[in-house]
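Inspection log for the structure reproduced underneath, given as structure tokens.
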Amino acid sequence: MDGNGRWAQARKERRTQGHLEGLKAAKRIVKAASDMGIRYLTLYVFSTENWKRTAEEVGFIMGLVKQYLRAELAFYRENHIRLRHAGDMAGLPPQIAGELTEVCNVTREWGGLQVILALNYGGRDEIIRAVNRAARAGIEPQTITEETIAAFLDNPDVPDPDLIIRSAGEFRISNFLLWEGAYAEYYVSPVLWPDWTEQELRLALEDYQKRERKFGGITR
Ligand code: FPP
């Protein structure tokens, strides 16, 4: 969800105002994705690297997350949205981890769109945690395959993403879904995240529909 800071800067406002608008954009996109019948949507909310930001900004984002988790439950219920988490739960402030676990549990059986909040998430960190889990489960090193690693990722039942969208014109992976995104299509939009509406999501999907996916093979 890139561009919150730039959005605020362009209006001579504080970066935190950009995150507040970013949260509103996230709500619009979750609603649009749910209405369109999309099955999975992962939002990169906070990376393992984002702790380097000022204490004020980190505190503000965490506050927004907490507020979002609580305030949106009725909306999730209405739209049968299931909330999930990707990332290192152990590194999150206990209050956030508690709320997150609770909302994930309450929405567990809801069968609509699955919204995965990548929070304290890093692609490398996820792979390291997966390998550690495999080791603790007693997996013999010589038996390890792609399927073994995939089975120990944060949400092993969630399919690999078809499309990874970046806002604000960034052409980087930024440690996002490194394993799962191996064959994902990328879409980069110049639109800053707080300005995202259903229309931007539609443009991304229309672009995706024109792609020819080969997964390393050939199609003709
Ligand atoms: C990246 O833009 C954005 C973030 C690191 C924070 C995203 C968090 C939210 C939108 C609020 C919480 C959302 C949910 C769904 C709970 P940036 O700050 O790097 O912007 P810049 O690249 O313009 O500086």
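We count ligands from 1, going down the list as the structure has it; atoms in each ligand are counted the same way. Count residues from 1 along the sequence. Everything numeric here is computed off the predicted structure, so don't read it as measured data.
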Side chains of Asn132 and Arg129, donor plus acceptor under 3.5 Å: no
Derivation of the side chain to side chain contact (heavy atoms under 4.5 Å, CB included) call for Trp193 and Glu200: CA-CA 10 Å; Trp193 178 252; Glu200 270 62 51; over 6 Å; no
For Asn120 against Trp51, the heavy-atom pair lying closest together: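 Between these two residues, the closest heavy atoms are OD1-NE1, 2.8 Å.
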Where ligand 1 meets Gly22 - atom numbers and elements under 4.0 angstrom, heavy-atom basis: 10 (C)
For Tyr68, atoms of ligand 1 separated by under 4.0 Å from a heavy atom: 16 (C)
Joint hydrophobic cluster, Val58 plus Leu117, side-chain heavy atoms closer than 4.5 Å: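 Yes, it is one cluster - the side chains of Val58 and Leu117 are joined through contacts under 4.5 Å.
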Hydrophobic cluster identity match, Met62 and Leu43, side-chain contacts under 4.5 Å: yes
Candidate pair Asp207 and Glu185, rule side chain to side chain contact (heavy atoms under 4.5 Å, CB included), full reasoning: CA-CA 10 Å; Asp207 190 88; Glu185 296 291 328; over 6 Å; no
For [atom], what's the nearest protein heavy atom and its distance?
atom                    : value
atom 15 (C) of ligand 1 : Ala26 CB, 3.7 Å
atom 20 (O) of ligand 1 : Gly5 N, 3.0 Å
atom 22 (O) of ligand 1 : Arg6 NH2, 2.9 Å
atom 12 (C) of ligand 1 : Val45 CG1, 3.9 Å
atom 3 (C) of ligand 1  : Met1 O, 3.3 Å
atom 11 (C) of ligand 1 : Leu64 CD1, 3.8 Å

Ala168 heavy atom under 4.0 Å from ligand 1: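 Distance cut 4.0 Å: Ala168 fails for ligand 1.
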Heavy-atom gap Phe46 to ligand 1 smaller than 4.0 Å: no
Counting both backbone and side chain atoms, is some N or O of [X] under 3.5 Å from an N or O of ligand 1?
X      : result
Arg53  : yes
Arg15  : yes
Trp193 : no

Salt bridge flag under 4.0 Å for residues Asp2 and Arg172: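 Salt bridge absent between Asp2 and Arg172.
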Presence of salt bridge, Arg28 and Asp195, under 4.0 angstrom: no
From the candidates Leu100, Leu23, Asn50, the one that places a heavy atom nearest atom 5 (C) of ligand 1: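 Answer by nearest heavy atom: Asn50.
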Atom CD of Glu102: over 12 foreign heavy atoms under 6.0 Å: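 Check fails, neighbour count at 12 or below.
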